[in-house]
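Predicted model, so just to flag it, every value in this text is computed and none were measured.
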Amino acid sequence: MKAPLKWGVTALTLLLVGWMLLELLRQPGVQDLPGGFQEVAFYRNENNTGPIIRLYAVSVRDASPEQLQQYGNFMPHTKYGTTRVYFFKEGSPVPPALYPGDVNVDAAYQPYCIAMYEKSSMGQVSLVFEPF
């Protein structure tokens, strides 16, 4: 390969890799949502060989269903695992900890939960308002 052609291919490759990295860094995330989301509590079981369970308690200013759904979709999910996000209105009591099992939120905080997002082990998504 001649030198000018070699430099051209190298420059084109570097330009393409730079463009791909820039696009990778511009991906949207939870910080881009305008609802004022703030993660307060998180729980993840230590079982790495079975289903992984992730639980989140989130304070939110704007509780539109579309934004709650988007926030839940941004959360990590593992195949055959479960991800649950409990949403609480900003200014209301939010649980400082979440617990494994059938009931993840302490009973004292359940009346303040405005919605629950769940992504099941098979990838099915649900958003339930007033889950308790």
Who passes side-chain contact (heavy atoms from CB on, under 4.5 Å) against Asn45, sequence neighbours left out?
-> Tyr43, Asn47, Ile52, Ile53
Report yes or no: does Ser92 contribute a side-chain atom to a donor-acceptor pair with the main-chain N or O of Phe88 at less than 3.5 Å?
-> no
How would you list, by chain and number, every residue that makes a salt bridge (charged side-chain N to carboxylate O under 4.0 Å, His left out) with Arg84, sequence neighbours excluded?
-> Glu118
Within 6.0 Å of CD in Glu39, more than 12 heavy atoms from elsewhere = yes
Pairs in or reaching into residues 123-132: which pass side-chain hydrogen bond (donor to acceptor under 3.5 Å, both in side chains), with residues at least two apart or in two chains?
-> none
In Å and rounded to the nearest 0.5 Å, what is the CZ to CD distance from Phe37 to Gln67?
-> 5.0 Å
Look at the side-chain heavy atoms of Ile, Leu, Val, Met, Phe, Trp and Tyr, link any pair under 4.5 Å apart, and say whether Val125 and Tyr56 land in one connected group.
-> yes
Between Tyr99 and Val105, is a side chain to side chain contact (heavy atoms under 4.5 Å, CB included) present by the stated rule, with each step listed?
-> CA-CA 7 Å; Tyr99 308 101; Val105 177; over 6 Å; no
Could you pull out the closest heavy-atom pair between Ala41 and Leu98, with the gap in Å?
-> O-CD1, 4.0 Å
side-chain contact (heavy atoms from CB on, under 4.5 Å) involving Tyr80 - partner list, sequence neighbours excluded | Met122
For the student: nearest non-hydrogen atoms of Glu90 and Ser59, plus distance = CA-OG, 3.5 Å
For residues Ala115 and Leu68, report the shortest heavy-atom separation together with the two atoms involved.
-> CB-CD1, 3.9 Å
CH2 of Trp7 to OG1 of Thr10, rounded to nearest 0.5 Å, is 6.5 Å
Does any pair with a residue in residues 108-117 pass side-chain hydrogen bond (donor to acceptor under 3.5 Å, both in side chains), and if so which ones, sequence neighbours excluded?
-> Asn73-Tyr117
Can you name the side-chain contact (heavy atoms from CB on, under 4.5 Å) partners of Ser121, sequence neighbours left out?
-> none
